Each structure stands twice: as C-alpha cells, then as structure tokens.
Undergrad: 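This structure is in structure tokens; I'll ask about it shortly.
Quick caveat, the model's predicted, so the values are computed rather than measured. Because only heavy atoms are used, hydrogens play no part in the values below, and waters and symmetry mates are left out as well, while side chains stay in.
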Amino acid sequence: MNKPADKSPAEPVASIALLLHADDNVATALQALVGGQTVQLQGADGRDHAVLLREPIGLCHKFALCEIAQGDMVRKYGEAIGLATKVVHAGEHVHIHNLRSSRAT
C-alpha cells in the first residue's frame, strides 16, 4: 500500500492565490496559506511568479509579490488601493498594519 506523500510547507503549490493584473504587486490568498510555503502564480501578462511566504496568510488576505518600499503604491486588480506605511517584503501579509487605504479617511 502506498502512503501519500507528506506536504512540506516549502513545497510549491499552485492555484491557491489570485493575481489578475500585470501591474499588481500583491496577490490574494484563495485559501488560508502557511508561512514557509512557496506560492506559484501566473500573472495576467503570462509571467510566472514564485513567492516564499514569510508568515501565514488568511483566506482572502493579500501578500506582497515583491518588496514594496515605504510610501509606494500598493496595487491590486490593476488599481491603486493604498500606500505602504513601511517596507513590505515579498511574501509578507499586506493589511492595515502596513497599508494605508486610499479609500478610507
């Protein structure tokens, strides 16, 4: 009897995050993701992305695809959604602790 292979958090996993626009610098988790996991995505421009998550990412939460400098625009779905309030490294959770929304005042 064959035993199923254990899933290591460092194994690449596909189709678990959403990236819709070539200008996006964040992707959205389509399920809860584990820190240390590598997420592979294909962008709308056809380019492949592989991101090592630095921390757990909750369902429907964002994570950085690349380093985002403090004050840089965060883009999701091709739209500017706010400014990074501090440096955000690739694979880090992007939320209210490091993003100032351009929609809320």
Side-chain angles (χ1 to χ4, degrees):
M1 183 157 125
N2 290 339
K3 184 179 176 185
D6 290 350
K7 291 271 184 190
S8 162
E11 285 183 28
V13 181
S15 302
I16 57 175
L18 184 62
L19 172 59
L20 287 180
H21 195 277
D23 292 339
D24 291 353
N25 54 9
V26 297
T28 303
L30 297 177
Q31 65 185 53
L33 303 175
V34 179
Q37 174 176 21
T38 298
V39 177
Q40 293 189 0
L41 302 138
Q42 185 175 50
D45 59 359
R47 291 187 303 155
D48 291 330
H49 301 268
V51 180
L52 176 63
L53 299 179
R54 294 174 176 254
E55 57 194 316
I57 307 295
L59 170 67
C60 297
H61 281 249
K62 299 173 292 301
F63 58 92
L65 297 172
C66 58
E67 184 168 305
I68 303 170
Q70 182 176 355
D72 277 1
M73 193 62 63
V74 176
R75 295 188 176 280
K76 179 180 173 184
Y77 307 132
E79 298 291 326
I81 62 168
L83 296 174
T85 58
K86 62 182 182 178
V87 173
V88 182
H89 299 284
E92 285 187 349
H93 185 213
V94 177
H95 201 53
I96 60 173
H97 65 285
N98 56 13
L99 171 70
R100 186 178 77 232
S101 174
S102 57
R103 297 176 189 208
T105 55

Undergrad: Between Ile81 and Leu99, is any pair of side-chain heavy atoms under 4.5 Å apart?
TA: yes
Undergrad: So, the side chain of Asn25 versus the backbone of Arg75: is there a donor-acceptor pair under 3.5 Å, distance only?
TA: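 Indeed, once roles are kept as given, a pair shorter than 3.5 Å links the two residues.
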Undergrad: Side chains of residues 51-68: which donor-acceptor pairs under 3.5 Å do they make with residues two or more places apart or in other chains?
TA:
from  : atom 1 : to    : atom 2 : distance (Å)
Arg54 : NE     : Ala90 : O      : 2.9
Glu55 : OE2    : His93 : N      : 2.9
His61 : ND1    : His93 : NE2    : 2.8
Glu67 : OE1    : His89 : ND1    : 3.3

Undergrad: Determine the minimum heavy-atom distance between Ala17 and Val39, stating which atoms define it.
TA: CB-CG1, 4.0 Å
Undergrad: Within the side chain of Asp48, is there an N or O that forms a donor-acceptor pair under 3.5 Å with the backbone of Gln42?
TA: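 Looks like no, no N/O pair under 3.5 Å.
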Undergrad: So which atom in Thr28 and which in Lys76 form the shortest heavy-atom distance, rounded to 0.1 Å?
TA: OG1-CE, 3.2 Å
Undergrad: Between Leu30 and Tyr77, is there a shared hydrophobic cluster once you connect ILVMFWY residues whose side-chain heavy atoms come closer than 4.5 Å?
TA: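 Yes, because Leu30 and Tyr77 connect within a single hydrophobic cluster, where side-chain heavy atoms sit under 4.5 Å apart.
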Undergrad: Can you list everything that forms a side-chain hydrogen bond (donor to acceptor under 3.5 Å, both in side chains) with Gln70? Sequence neighbours excluded, please.
TA: none
Undergrad: For residues Ala84 and Ala69, report the shortest heavy-atom separation together with the two atoms involved.
TA: CB-O, 3.5 Å
Undergrad: Apart from Leu83 itself, what residues make up its hydrophobic cluster, given side-chain heavy atom links below 4.5 Å?
TA: Met73
Undergrad: State which residues pass side-chain contact (heavy atoms from CB on, under 4.5 Å) with Glu79; sequence neighbours excluded, sorted by chain then number.
TA: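 Not a single residue meets the side-chain contact (heavy atoms from CB on, under 4.5 Å) criterion with Glu79.
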Undergrad: Ala50: what forms a side-chain contact (heavy atoms from CB on, under 4.5 Å) with it, not counting sequence neighbours?
TA: Thr38, Gln40
Undergrad: Does His49 have any side-chain contact (heavy atoms from CB on, under 4.5 Å) partners at least two apart in sequence or in another chain, and if so, which?
TA: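 Applying side-chain contact (heavy atoms from CB on, under 4.5 Å) to His49 gives Leu19, Leu41, Arg47.
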